[in-house]
**Student:** 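Take a look at the following structure, please.
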2 protein chains.
Amino acid sequence: MDKFEVKLDQAARAAWLSYVGGRTQDEIAAQLGVSRPGVQRLLALARQEGLIKVHIDHPISNCMTLGQALRDQFDLEFCDVVPVDPDAEHNSAHYVAVAGCDRLTRYLERTEPLTLSLGSGRTVRATVEAVSRMDRPQHRFVSLVGNVARDGSSNRYDGVTALADKTASGRFLLPAPVVAGSVEEREALLNQRLFQAIASVAAEAEVGFIGVGPINRQATLFQDDFINESELDELLSCRAVGELLGWPLDAQGRIIDCSVTRRVTSPALESLAPQRLVALAGGTDKGPAILSALRGGWLKGLITDEAAARYVLDNAVRR
Amino acid sequence: MDKFEVKLDQAARAAWLSYVGGRTQDEIAAQLGVSRPGVQRLLALARQEGLIKVHIDHPISNCMTLGQALRDQFDLEFCDVVPVDPDAEHNSAHYVAVAGCDRLTRYLERTEPLTLSLGSGRTVRATVEAVSRMDRPQHRFVSLVGNVARDGSSNRYDGVTALADKTASGRFLLPAPVVAGSVEEREALLNQRLFQAIASVAAEAEVGFIGVGPINRQATLFQDDFINESELDELLSCRAVGELLGWPLDAQGRIIDCSVTRRVTSPALESLAPQRLVALAGGTDKGPAILSALRGGWLKGLITDEAAARYVLDNAVRR
DNA sequence: TCTACTCACGAACAATTGATCAGTCAAGGG
DNA sequence: CCCTTGACTGATCAATTGTTCGTGAGTAGA
């Protein structure tokens, strides 16, 4: 057996003794025949490898209430709200990711083949990272959004590859920029056989986990070099507040018609209506974008945090 | 809102910050506006109330191997083997219980109505204890084994009540001793309308979680005053090695015909064949009993620990 | 064979967590 | 109005956990 496997094995055993059995590291050390710092290292490894899954089994009423309100008001199938941690340096994406992982895992556990689409962004990526390894060769994952930046480099926040690696499933990546350089380039891309093949897989997906991007100076779309500064300025000037898969939305959730829109390569949002789109996004700064996406009625599920949930409810006058 | 609910709420929040967020108690204290020992108390409460569920996400290869072997050899649908902890004072029942809870929860999560039967014993009880509260009014739980001791007292290890309480489901308890005082008494019990009603619910169960009892001086059946000493002696003298629902089994898993057998009030094991019987039992001392139950082919699933699994595999010559 | 390098180990120390206990405050009763 | 009771609080200390760093074993290359 692989040396690393043996370590992991022992790490799992140590973790079991520590977390489930509640024994001290000294006891575990005696048990496994290693030194106490050895146990420490094993536990650190177990945590790092994501072997340890903690689940807090209580509907934190505040979050429950917020979730219920959002579900009712925006006609969602589900809405999970996680508690916020104001001074978390890694802006709470982790919390949303853990909750997202729960939902995602529920789909993955299915034995029938599943086609699942993924958006892009840090939150989606973090969610995928939190998923545990499992063997699901029957599933297929497909990206809903191009993962090539303007300079040709691939997106660091691609979730499809990571998820497919973890589950030994099929992967379908969209080899295109989110926003093409010109209308003609977009046309050319869309006519490629390969591109169409992937788009048709995407159309077959039952469910999609996507991010929600705010449109501002910190916009992921801009930071990650999918659009340039003048394009960002254009979006801002026509009052875009957020984007889904690259499609800019106004405050009411309508897709804005502007020069950028005509060059977006992602599948049309309308065409994704048959699938269950689940948005993963948290933080006050994403509030306006989330509200917009909800108002547009694009989402069937939402996983967010207290801060964003409160923003949305405070600013959503009942239509 | 209830004062206790508020506490629990805050406890859940503290637990979230601590376990999922990985923050220190000092940080959590600042966050929630309580003192550090206050956080300590909240976390203790959360643990005590079973709000925190830890799951080690790694097929500990050793256990995996044992489980696979048992599954293959005895034609089981599944077999979970948990690692053993030799110097755990509470004889490893807790470990088996956690694993059992996982399986049990999978059934409970179903939305369609489920009828589930339960055996008796410490392990079954501990498994039920580990289940988290959920609302499942559509389910029904029924006991497969009488829960009245010879002195008329009710069994401390009854799982049906505990599980029904946790899930707000229907409960059906068998108001009878496991072993009746005489053949006539048994006859009288079986003819009661109430008894028959419960037995018919039991017959409808899809799945049953039961314990496996060893037959020796430490036998639960004896310790808990379901049978008296002379009955125990009789069972020992006709080579009983274990019991399922009170039915004594020989080393080959056949039901032994003796005076005790003719007074057992539980449903006949044969009649339970349509349902999925899952045994929960661990520890070397239960090894012979588990082996017997497996040989008899009574089980569809087994949740046990390394020690028992190894005993069974070491002593089971391939038939 | 020697040397340089890597890697894992465990000693020692720092940080965090868990437990105890005396003091305080609020509610209820005389 | 004062006293009793009981629960909660936070100071303090002990236990446990996390981290750092020097050491030595093992290994590959000169």
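Chain A is the first sequence line, chain B the second, and so forth, proteins listed ahead of strands; every chain is numbered from 1. Computation of the quantities below employed the complete heavy-atom set of this structure, encompassing side-chain atoms and omitting hydrogens, waters and symmetry-equivalent molecules.
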**Student:** Rounded off to whole Å, could you give me the CG-to-C1' distance for the Leu45(B) and dT9(D) pair?
**Tutor:** 16 Å
**Student:** Under 3.5 Å, is there a donor-acceptor pair between the Asn62(A) and Thr65(A) side chains?
**Tutor:**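 Absent: no donor and acceptor within the cut-off.
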**Student:** Counting only side-chain heavy atoms from C-beta out, which of dG10(D), dT17(D), dG10(C) sits nearest to Pro37(B)?
**Tutor:** dG10(D)
**Student:** Could you state the atom-to-atom distance from CG of Leu42(A) to C1' of dT17(D) in whole Å?
**Tutor:**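 Interatomic distance, CG of Leu42(A) to C1' of dT17(D): 14 Å.
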**Student:** Can you tell me if Gln68(B) and Arg71(B) form a side-chain donor-acceptor pair at under 3.5 Å?
**Tutor:** yes
**Student:** Can you tell me how far C1' of dA15(C) sits from CD of Glu27(B), to the nearest Å?
**Tutor:**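 Rounded to the whole Å, the gap is 12 Å.
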**Student:** Rounded off to whole Å, could you give me the CG-to-C1' distance for the Leu43(B) and dT16(C) pair?
**Tutor:** 12 Å
**Student:** Whole Å only: how far is the CZ atom of Arg23(B) from the C1' atom of dT17(D)?
**Tutor:** 19 Å
**Student:** DNA chain D: Thr24(A) or Gly38(B), which has the more 5' nearest nucleotide?
**Tutor:**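 Looking at DNA chain D, the more 5' nearest nucleotide goes with Gly38(B).
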**Student:** Classify the side chain of Arg41(A) versus the base of dG18(D) as yes if they form a donor-acceptor pair under 3.5 Å and no if they do not.
**Tutor:** no
**Student:** Any side-chain N or O of Gln40(A) under 4.0 Å from OP1/OP2 of dG18(D)?
**Tutor:**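 Yes, such a contact exists.
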**Student:** Please pick, from dA19(C), dG18(D), dT20(D), the nucleotide with the shortest atom-to-atom distance to any side-chain atom of Arg36(B).
**Tutor:**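 Within the option list, the nearest is dA19(C).
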**Student:** State, without any angle test, whether Ser132(A) and Lys166(A) hold a side-chain donor-acceptor pair at a distance under 3.5 Å.
**Tutor:** no
**Student:** We want to know whether Gln25(A) and Gln40(A) form a side-chain donor-acceptor pair, criterion being a heavy-atom distance below 3.5 angstrom.
**Tutor:** yes
**Student:** In whole angstrom, what separates Gln25(A)'s CD from dG10(C)'s P?
**Tutor:** 14 Å
**Student:** Measure from NZ on Lys7(A) to C1' on dC9(C) and round the result to the nearest Å.
**Tutor:** 10 Å
**Student:** Just N and O in the side chain of Arg47(A): are any of them under 4.0 Å from OP1 or OP2 of dG18(D)?
**Tutor:** yes
**Student:** Establish, for the pair Arg103(B) and Phe209(B), whether the NZ or CZ atom is under 6.0 angstrom from the six-membered ring centre and no further than 45 degrees off its axis.
**Tutor:**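 No; the conditions do not both hold, so Arg103(B) does not lie above the ring face of Phe209(B).
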**Student:** Rounding to an integer number of Å, can you tell me how far Leu32(A) CG sits from dG10(C) P?
**Tutor:** 13 Å
